[in-house]
Amino acid sequence: MTRLPLVARRAEALLGMAVVSTASVAGGDICTATRLRLSDGSTALMKTLPTPPPGFFESEATGLRWLAEVADGLPAAQVLAVDAECLIVRWIEPGKATGDVAAEFGRRLARTHAAGAAAYGMARDGYIGRLPLPNRTAPSWAEFYATRRVLPYLKLARDRGAITGTDADAVEAVVPKLADLVPEEGPARLHGDLWNGNCLWGLDGQVHLIDPAAHAGHRETDLAMLGLFGLPHLQRAMAAYQEESPLAEGWEDRQGVHQLFPLLVHACHFGGGYGARAGEVARRFA
């Protein structure tokens, strides 16, 4: 049994409870993760970052709480404490990814989306990875997606040399067509960075949401990200989603429109071929 004194003291100050032991947790690309055994017998996860961007952990906590408001939706990691340099959530014991759990995930995701919001966007800006995520509200999905999602990251990808001029022009050409390409449905409550790494399959037979880039947007955006980066038993999940809340005809053909945003974010983060993939996808909607 080990105890990292600095980590333990910080957690104790925030939680008002003694930390019995600590253990490093692998897997995070940005933050240091530590498992905490608390004096009341419970377990928590603490994420730390020495010099986080302003509001980094606070925006994550806000997103988790907002998603968790949907009583019959997907459970989100329970926020226990947060400050400018760390976030503490209730520990989720990992379980198996099964078809039945995936089906329940699909149903609950549909209910989370259906909880909706007053307008596209979010009351505060957030982050996706370490990149700022503008969330100022907009009156339509097309305007929000263009001005808060596609164009800011297209500019950043260009500035970083992560996308060629030809591919950037192809992406930009899709922007005026957004309202015609994607039917307006009203704001859905989104995780915003929904891929398998942010879906924690719990021992309790539920998929728990972690690390959100939460905002109100078009529900097809979450689904397109699942399609882009994968999820175990995705077909079972989507079939259950459709039973709970049928999607507008042609949603599968429109996934590429919604995938432009994560592809551009990955181009900004990692370079490589993501800019080229964004251009390739954009040309399908020319």
Side-chain angles (χ1 to χ4, degrees), residues 29-30 109 113 120 126-135 138 140-185 188 190-199 211-213 215 217-235 237-238 241-242 247-286:
D29 294 328
I30 297 173
L109 177 60
H113 286 167
Y120 294 101
Y127 291 89
I128 186 154
R130 292 191 67 128
L131 295 177
L133 185 72
N135 282 329
S140 71
W141 172 79
E143 181 180 336
F144 177 81
Y145 191 64
T147 60
R148 313 290 192 269
R149 293 297 180 264
V150 175
L151 294 176
Y153 299 96
L154 179 60
K155 180 182 185 303
L156 184 58
R158 272 178 157 153
D159 291 346
R160 292 185 174 184
I163 189 170
T164 66
T166 300
D167 288 328
D169 290 345
V171 172
E172 196 161 15
V174 175
V175 170
K177 304 175 183 178
L178 288 172
D180 295 325
L181 288 170
V182 179
E184 193 85 16
E185 287 192 342
L190 304 187
H191 177 280
D193 191 12
L194 195 62
W195 66 289
N196 188 50
N198 289 338
C199 298
D211 298 347
H215 67 282
H218 200 294
R219 60 181 177 148
E220 291 178 5
T221 301
D222 266 355
L223 305 180
M225 195 169 290
L226 286 173
L228 181 63
F229 295 117
L231 182 86
H233 310 287
L234 181 57
Q235 289 185 333
M238 288 311 308
Y241 186 105
Q242 285 272 50
L247 293 154
E249 185 177 352
W251 71 272
E252 289 175 295
D253 297 329
R254 293 189 294 271
Q255 285 192 85
V257 176
H258 302 280
Q259 289 169 351
L260 291 175
F261 164 61
L263 288 171
L264 290 170
V265 167
H266 274 64
C268 295
H269 273 129
F270 308 115
Y274 287 107
R277 286 182 66 184
E280 178 185 350
V281 168
R283 279 184 280 274
R284 298 178 199 162
F285 302 96

Please output the side-chain donor-acceptor pairs of residues 268-286 that fall under 3.5 Å, not counting sequence neighbours, one pair per line with the distance.
from: H269; atom 1: ND1; to: V265; atom 2: O; distance (Å): 3.4
from: R283; atom 1: NH1; to: D167; atom 2: OD1; distance (Å): 3.2
from: R283; atom 1: NH2; to: D167; atom 2: OD1; distance (Å): 2.7

- Short side-chain to backbone donor-acceptor contact, D222 and G192, under 3.5 Å: yes
- Item | Close side-chain approach of Y145 and V150, heavy atoms under 4.5 Å | yes
- If you measure from CG on L263 to CD1 on I163, what distance do you get to the nearest 0.5 Å? 9.5 Å
- Taking the side chain from E184 and the backbone from W141, do they hold a donor-acceptor pair closer than 3.5 Å? yes
- Message: For E252, give me all partners under side chain to side chain donor-acceptor pair (under 3.5 Å), at least two apart in sequence or on another chain.
- Response: none
- Task: List the steps and the verdict of side chain to side chain contact (heavy atoms under 4.5 Å, CB included) for L194 and L109.
- Result: CA-CA 11 Å; L194 195 62; L109 177 60; 3.9 Å; yes
- Message: If I take atom CG from residue L151 and atom CG from residue L260, how far apart are they, to the nearest 0.5 angstrom?
- Response: 10.5 Å
- Message: I need the minimum non-hydrogen distance between W195 and L226, along with the two atoms involved.
- Response: CA-CD2, 4.4 Å
- For R148 and Y153 the tightest heavy-atom approach is O-CE1, 3.9 Å
- Do Y120 and H215 pass the side-chain hydrogen bond (donor to acceptor under 3.5 Å, both in side chains) test, and can you show the C-alpha distance, the side-chain angles, and the key distance before you say yes or no? CA-CA 7 Å; Y120 294 101; H215 67 282; over 6 Å; no
- Task: Please confirm whether the backbone N or O of A213 pairs with a side-chain atom of D193, one donor and one acceptor, at under 3.5 Å?
- Result: no
- Under 3.5 Å: donor-acceptor pair, side chain of R149, backbone of P134: yes
- Item | Partners meeting side chain to side chain donor-acceptor pair (under 3.5 Å) with D159 (sequence neighbours left out) | K155
- Message: My understanding is that only residues two or more places apart in sequence, or in another chain, count here; which of them pass salt bridge (charged side-chain N to carboxylate O under 4.0 Å, His left out) with D211?
- Response: K47
- Do Q242 and W251 touch side chain to side chain, with heavy atoms closer than 4.5 Å? yes
- Partners passing salt bridge (charged side-chain N to carboxylate O under 4.0 Å, His left out) against K177 (at least two apart in sequence or in another chain): none
- Task: Looking only at non-hydrogen atoms, find the nearest pair between M225 and P262 and report the distance.
- Result: CE-CB, 3.6 Å
- Contacts of D169 meeting salt bridge (charged side-chain N to carboxylate O under 4.0 Å, His left out) (sequence neighbours excluded), chain-then-number -> R158
- Note on the structure: dist L223:CG -> L231:CG (nearest 0.5 Å) comes out at 11.0 Å
- Residue pair F144 / N135: nearest heavy atoms and the distance that separates them: CE1-O, 4.1 Å
- Task: Evaluate the criterion side chain to side chain contact (heavy atoms under 4.5 Å, CB included) for residue pair E220 and R254; output intermediate values, then yes/no.
- Result: CA-CA 8 Å; E220 291 178 5; R254 293 189 294 271; 2.7 Å; yes
- Message: Using 0.5 Å steps for rounding, measure from the CG atom of L178 to the CD atom of E143.
- Response: 11.0 Å
- Message: Checking the side chain of Q259 only, and the main-chain atoms of A224 only, is there a donor and an acceptor separated by less than 3.5 Å?
- Response: yes
- Item | N/O donor-acceptor pair under 3.5 Å between E185 side chain and R219 backbone | no
- Please work out whether the ring planes of H218 and H258 are parallel, tilted or perpendicular, with thresholds of 30° and 60°. tilted
